[in-house]
Structures are given as C-alpha cells and as structure tokens.
Participant: 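Sharing a structure, written as structure tokens. Questions coming.
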Amino acid sequence: MKKEPVKGLKPLEGAVEGKVVMRFAPNPNGPATLGSSRGMVVNSEYVKMYKGKFILRFDDTDPDKKRPMLEAYDWYLDDFKWLGVEPDRVVYASDRFPIYYDYARKLIEMGKAYVCFCEGGDFKKFKDSKQPCPHRDQTPEVNLEYWEKMLAGGYEDQQAVLRIKTDIEHKDPAMRDWGAFRIRKMSHPRAEIGDKYIVWPLLDFAGAIEDHELGMTHIIRGKDLMDSEKRQGYIYGYLGWEYPKTLHWGRVKIHEFGKFSTSTLRKDIEAGIYSGWDDPRLPTIRAIRRRGIRAEALRKFMVEMGIGTTDVSISMESLYAENRKIVDPEANRYFFVRDPVELEIDGVEPTVAKPPLHPTDSERGAREIKVENKVLLAGDDVEKMEIGSMLRLKDLYNVEITSLEPLQGKFAGESLEALKKAKGRIIHWAPVDGIPVKVRSPDGDLEGIGECGIAKELDKIVQFERFGFCRIDAVSEEEVVAYFSHK
RNA sequence: GCUCCGGUAGUGUAGUCCGGCCAAUCAUUCCGGCCUUUCGAGCCGAAGACUCGGGUUCGAAUCCCGGCCGGAGCACCA
C-alpha cells in the first residue's frame with residue numbers, strides 16, 4: 001500500500017483533534033537558540049494541526065549548574081510571540097515543588113523510593129555490579145524519616161539523595177535506581193522562590209510528574225532523552241499512569257556556527273567579545289530576529305526538517321533562501337557603498353537620479369538622489385578599475401575612468417547600448433552627502449555610506465543593491481545601523 | 001565496560017512499519033542558458049544518493065543476520 005507524500009509534518013500517532021496536549025520545556029538558563037526553535041516550532045505546529053493545547057514549561061529546577069537566567073524567561077515568551085505562538089499555559093517547575101514532594105512521599109510510602117547516602121562513586125560501583133546499595137532495603141518508615149530530615153535541612157549538600165527503586169539488575173545500567181532529588185543549599189534566581197527549597201528534583205522525576213499532571217498526550221524531545229521514557233516508566237507503572245506517546249530527534253548542528261555553550265557565551269558577552277545575546281554572530285533567536293529573519297521562514301525551515309533521530313548538520317543557506325522568498329518582494333532597494341572612494345566626474349551637469357524603490361514593483365515609485373559631479377563608489381569595485389574602464393553608475397549615467405589616484409572619470413553618455421558594447425559593468429554608488437551606515441553581520445561589522453532615504457526604513461528590511469538584505473536597526477542624525485540578513 | 005538509537009545526492013528531506021507503482025520525492029546548493037540598468041528576484045535545463053557484506057524472496061531503499069561509521073544514556077545537568 002502506497003501513501004501520498006505528506007507535505008509538512010507527518011501525522012502524530014494516536015492524535016485526536018482537540019485532545020492533543022504538547023509542551024516545550026526549556027531550562028531558561030539562556031536565550032532560545034536556533035536549536036531550541038525546532039522544539040518551539042514543531043511542538044506548536046502539531047498543536048495547531050490538531051487544535052490542541054500548547055504548554056510552555058520552564059524546567060528551572062537547577063539553581064547551580066544550569067542556573068536559570070532571570071531575563072531568559074521573558075525572552076522565551078517574547079520569542080514565542082514573535083513566532084506567532086501563544087502558549088495556552090505557562091508553567092514554572094520551580095513553582096511546583098509541593099507537587100513533586102507529595103509524589104516523592106507517596107513513592108517512599110509505597111516502598112518505591114529510598115534515601116541513599118552513598119557517595120557518588122560508591123553508588124556507581126554497586127550499580128555497575130548490579131548490587132543493591134546498603135540503603136536500598138531501608139523500610140518506608142525509615143526512608144520517610146530521612147526524607148523529612150532532608151527537607152528540613154538536616155543534611156548537607158551531596159550527603160543524601162532520593163532514588164527511585166527500579167530494577168538493580170536491569171541489563172541496561174542506565175535504568176538502575178536513578179536519582180530523583182538532591183540537596184543543594186542555594187537560592188533560586190526567581191525572587192518568588194529564593195531560599196524556599198534546598199531539595200531539588202532532577203529532570204527525570206520532575207518531568208515525569210509534570211508530563212502526567214499537565215495531561216501531556218505527546219512528547220517530542222531530543223534523543224539524548226530517549227532513556228527517560230524507560231526510566232520514568234517505573235514511576236508511571238507505580239502510580240498507574242499512562243505514558244504519553246514520544247518522538248525523538250537528533251542533534252542539530254549548524255555549519256555557519258561553531259560550538260556554543262551557554263556558559264562560555266555568557267562569559268564572552270560579559271567580557272565584551274559579543275555585544276549581547278542578540279549579537280549577529282550568535283545563533284540565538286534574538287540575533288536572527290534582529291537580523292531580519294522572518295518567523296515564517298524559520299517555521300517553514302523547521303517544519304521541512306521534520307523529525308528524525310539522525311543528527312543533522314544544516315546550513316543557514318536554506319533558512320536564508322526561505323527568508324529571501326519572503327523578503328525580496330517587500331524590501332525597498334537602496335545604495336550602500338562599503339569602504340567608499342570618491343569619484344570626481346568631468347563634463348556632467350548637476351542632476352537627480354531616480355532609481356526605483358523596487359525593480360519589479362514600479363508603483364512604489366523612486367528614490368531621488370541629487371548628484372553634482374562627485375559620487376562615492378564601493379572600495380571593492382574601485383579595486384577592479386583601470387584607466388579607460390567604462391562603467392555605469394546604476395540609474396544614472398556612464399563614466400569612463402581617467403585617473404585612479406585620485407579617482408576621476410568623465411561623462412560617457414547615457415546609452416546602455418554603448419556600455420554593453422564597451423563591456424562595462426553596472427555598479428551602485430552613493431551620494432557624497434549620504435549617511436554613514438554601519439552594517440553588523442555574522443562576519444563582523446562593516447562601515448560605509450548609504451543613501452539618506454535609508455533613514456526612513458527603521459525596523460524594515462531593505463536590500464542594499466549588490467550587497468544583500470539588511471534590517472535597519474537604528475537611525476540617528478549621524479548614523480544608520482543595519483543588521484545584515486543575508487545575500 | 002554495559003545498554004539503546006540511527007545511517008537515502010554537498011546539505012536537509014519523502015519513501016522504510018504494510019517488499020513490486022522507486023532506474024527513488026521535494027527543497028536548498030552547484031553548473032549551464034535566458035531575462036534583468038543589482039553579483040537580488042524570476043524562467044529554463046543539467047548534475048548529484050539508497051553505508052557495506054551476506055540471507056529470505058519471482059522481486060529488497062524497504063524484511064533478517066553480521067560488519068563499518070555516527071550519536072546517545074549509565075551523573076546529586078536540562
């Protein structure tokens with residue numbers, strides 16, 4: 001039996017329209033990256049497809065190694081808004097410790113969890129040799145006592161941990177009696193939480209409880225969490241719950257960006273190496289937003305990538321191609337010359353050039369650029385010139401180069417045919433009284449001069465002809481700052 | 001060490017569960033050509049892949065076994 005090729009995301013197994021509940025559960029220890037956007041887009045897309053509920057859950061239960069960043073909570077909300085996704089519910093795991101503690105107590109009472117005092121290495125030895133550790137057989141009563149003492153601060157950091165009892169002889173060592181809570185006498189960055197807790201749930205525990213509590217029907221997550229289902233399955237079994245349907249995807253690498261870790265990035269930002277989390281050199285959502293990548297392009301890109309457990313190594317080119325399709329028809333055209341060189345032209349009368357704002361949409365009208373007898377050319381173009389070179393200043397007139405230093409030329413008519421005959425290039429230019437433009441790009445910052453009209457395009461995407469698409473980020477009397485999108 | 005996944009063109013994907021319609025889809029990339037007062041867009045054309053070896057079968061990208069390669073888990077990180 002053959003199926004029709006499915007456009008977009010494949011149907012979700014067992015999904016019923018109106019009943020699907022899915023979540024995206026980041027640790028807000030840094031802003032969303034292109035990698036995280038996969039989860040943001042795909043989960044929300046499925047929910048939309050099935051008219052279900054979408055939950056944003058902040059898994060912010062580590063005050064230490066992956067300590068949440070206070071601003072990042074809002075950044076996530078903001079990025080979702082940008083993506084056009086309104087979560088039906090936003091949950092903070094750090095608000096829900098009482099729930100986790102209740103279930104912990106319940107499991108202890110059932111004899112399915114115990115307080116373990118082994119040092120890390122010791123437990124590993126027992127576990128690796130399929131031996132129960134000395135604490136495994138404590139009675140529920142004793143465990144409860146220890147647990148209360150843990151919560152009351154009776155033990156120091158690392159001294160005790162609550163484990164879920166699974167099967168100490170399980171053939172897969174990853175399944176054997178895994179840790180559910182640990183002690184860390186640290187405050188939580190959220191003011192509401194602060195010093196309230198010293199016993200923190202670990203991912204597999206908190207996640208297991210939450211996914212059930214929040215009524216999740218389907219979970220899509222990284223394949224690094226593939227074992228979670230089997231581990232958490234013990235809890236679901238003990239409590240008689242049904243596990244959601246799961247799907248996994250592999251790692252996403254991006255050619256253009258090297259390896260980034262949130263912690264080193266943070267240091268680099270603090271050290272001023274990057275201007276912030278939205279520095280155009282970074283693979284964060286905030287950065288690509290600022291660069292003028294459209295949410296729709298990102299969504300399409302992620303949806304087309306789909307869900308596969310294979311690790312993928314993607315190129316920004318595909319995302320750019322997607323974005324270009326959206327942005328090209330909208331973007332007004334302007335001249336921007338990088339590393340400008342002044343060209344003086346003999347034999348011309350002052351005039352006004354009127355290049356169209358858009359090459360295929362004449363209704364948009366034209367820019368007006370006054371020209372006396374001097375213009376600015378891009379340094380790159382000038383380097384290729386020789387004396388006698390024929391060239392055309394786009395939407396102006398032809399010039400023949402008569403001197404290189406200083407750069408001078410003479411008027412050479414307005415005929416395009418003549419230019420073609422002479423095999424001249426058409427190049428862009430800028431008026432000598434143009435506005436300084438700073439372009440911030442993934443490859444670093446560039447300086448140049450652009451038409452004054454650019455200043456009217458704040459927050460818009462424009463195309464600098466023969467240069468690329470940019471988002472106009474800031475405009476002041478003396479300067480325009482543009483963020484480079486792509487060619 | 002133990003345990004789990006996965007491997008389709010440069011890249012990403014469809015097809016794999018339920019073998020034949022797959023001499024393998026789509027997108028991007030690359031290469032030609034057309035068009036264009038942008039090296040953008042558009043149009044036309046072309047190139048490019050089933051990890052390897054066995055097995056089952058009339059027939060295998062699809063099922064089975066093994067190798068190779070890649071990834072992941074076994075943490076008081078998420």
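In the text below, chain A, chain B and the rest are named by the order of the sequence lines, each starting its count at 1. Atoms considered below: every heavy atom in the structure, side chains included; atoms not considered: hydrogens, waters and symmetry mates.
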Participant: Base, sugar-phosphate, or nothing: which does A:Lys171 touch, judged by heavy atoms less than 4.0 Å apart?
Facilitator: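 Here A:Lys171 touches the backbone only, sparing every base.
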Participant: Using the closest heavy atom to pick a nucleotide of RNA chain B for each, name whichever of A:Gly306 or A:Glu317 lands nearer the 5' end.
Facilitator: A:Gly306
Participant: Can you tell me how far C1' of B:rU38 sits from NZ of A:Lys420, to the nearest Å?
Facilitator: 14 Å
Participant: Taking any heavy-atom pair under 4.0 Å as a contact, classify A:Asp380: base, sugar-phosphate, or nothing.
Facilitator: nothing
Participant: Quick one: look up who B:rG48 pairs with, Watson-Crick or G-U, both distances under 3.5 Å, and put none if it's unpaired.
Facilitator: none
Participant: Whole angstroms only, please: what is the CD-C1' distance between A:Glu322 and B:rG12?
Facilitator: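 It works out to 12 Å between those atoms.
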Participant: Less than 6.0 angstrom from the centroid, inside 45 degrees of the normal: does A:Arg163 satisfy that with respect to the ring of A:Phe123?
Facilitator: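 Cation-pi check for A:Arg163 and A:Phe123: passes.
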Participant: With A:Arg338, which residues qualify under side chain to side chain donor-acceptor pair (under 3.5 Å), at least two apart?
Facilitator: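 Counting only residues at least two positions away or on another chain, A:Arg338 forms no side chain to side chain donor-acceptor pair (under 3.5 Å).
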Participant: Take atom NE2 of A:His358 and atom P of B:rU36, then tell me their distance rounded to the nearest Å.
Facilitator: 17 Å
Participant: Does the structure place the NZ or CZ of A:Arg367 under 6.0 Å from the centre of the six-membered ring of A:Phe335, at an angle of no more than 45° from the ring's axis?
Facilitator: yes
Participant: Starting at the 5' end of RNA chain B, which residue's closest nucleotide do you reach first, A:Lys394 or A:Thr310?
Facilitator: A:Thr310
Participant: With a 6.0 Å cut-off on ring centres, are A:Phe54 and A:Phe80 close enough?
Facilitator: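 Under 6.0 Å, so yes.
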Participant: Which whole-number value in Å describes the distance from A:Asp167 CG to B:rC2 P?
Facilitator: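 My rounded result for the distance is 18 Å.
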Participant: Expressed as a whole number of angstroms, how long is the span from A:Leu357:CG to B:rG40:C1'?
Facilitator: 16 Å
Participant: Find out whether the Lys NZ or Arg CZ of A:Arg221 is both under 6.0 angstrom from the six-membered ring centre of A:Trp249 and within 45° of the ring's axis.
Facilitator: no
Participant: How close or far is atom C1' of B:rU36 from atom CG of A:Asp361, stated in whole angstroms?
Facilitator: 16 Å
Participant: Would you give a per-nucleotide map of nucleotides 68-78 of chain B, 5' to 3', where B means the base has a protein non-hydrogen atom under 4.0 Å away, S means only the sugar-phosphate does, and - means neither?
Facilitator: ---SSBBBBBB
Participant: Touch check for A:Pro359, heavy atoms < 4.0 angstrom, all strands: base, sugar-phosphate only, or nothing?
Facilitator: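 The answer is base, as A:Pro359 lies within the cut-off (heavy atoms under 4.0 Å) of a base atom.
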Participant: Are OP1 or OP2 of B:rA14 and a side-chain N or O of A:Lys10 less than 4.0 angstrom apart?
Facilitator: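 So the side-chain polar atoms of A:Lys10 do come within 4.0 Å of the phosphate oxygens OP1 or OP2 of B:rA14, strictly under.
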Participant: I need the CG-P distance between A:Leu416 and B:rU36, as an integer number of Å.
Facilitator: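 One finds 11 Å between P of B:rU36 and CG of A:Leu416, rounded.
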Participant: Any protein N or O atoms within reach of nucleotides 41-43 of chain B? Criterion: under 3.5 Å, listing atom names and distances.
Facilitator:
| unit_1 | atom_1 | unit_2 | atom_2 | d |
| --- | --- | --- | --- | --- |
| B:rA41 | OP1 | A:Arg324 | NE | 3.1 |
| B:rA41 | O2' | A:Asp328 | OD2 | 3.4 |

Participant: Which heavy atom of A:His358 sits nearest to which heavy atom of A:Pro329, and what is that distance?
Facilitator: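 Smallest heavy-atom distance, with atoms named: NE2-O, 3.4 Å.
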Participant: Should the pair A:Glu210-A:Arg57 be classified as a salt bridge under the 4.0 Å nitrogen-to-oxygen rule?
Facilitator: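 No.
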Participant: Taking any strand in view, what nucleotide pairs with B:rA9 in a Watson-Crick or G-U wobble way, both distances under 3.5 Å?
Facilitator: none
Participant: In the structure shown, which nucleotide is the Watson-Crick or G-U wobble counterpart of B:rU38, with both distances under 3.5 Å?
Facilitator: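 Answer to the pairing question: none, since B:rU38 forms no Watson-Crick or G-U pair.
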Participant: Side-chain N or O of A:Lys487 versus OP1/OP2 of B:rU38: is the shortest distance under 4.0 Å?
Facilitator: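 Checking B:rU38 against A:Lys487, no side-chain N or O comes under 4.0 Å of OP1 or OP2.
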Participant: In the strands shown, is B:rC74 matched to any nucleotide by a Watson-Crick or G-U wobble pair with both distances under 3.5 Å, and which?
Facilitator: B:rG1
Participant: In whole Å, what is the span from the CG atom of A:Leu9 to the C1' atom of B:rG12?
Facilitator: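 In whole Å, B:rG12 C1' lies 14 Å from A:Leu9 CG.
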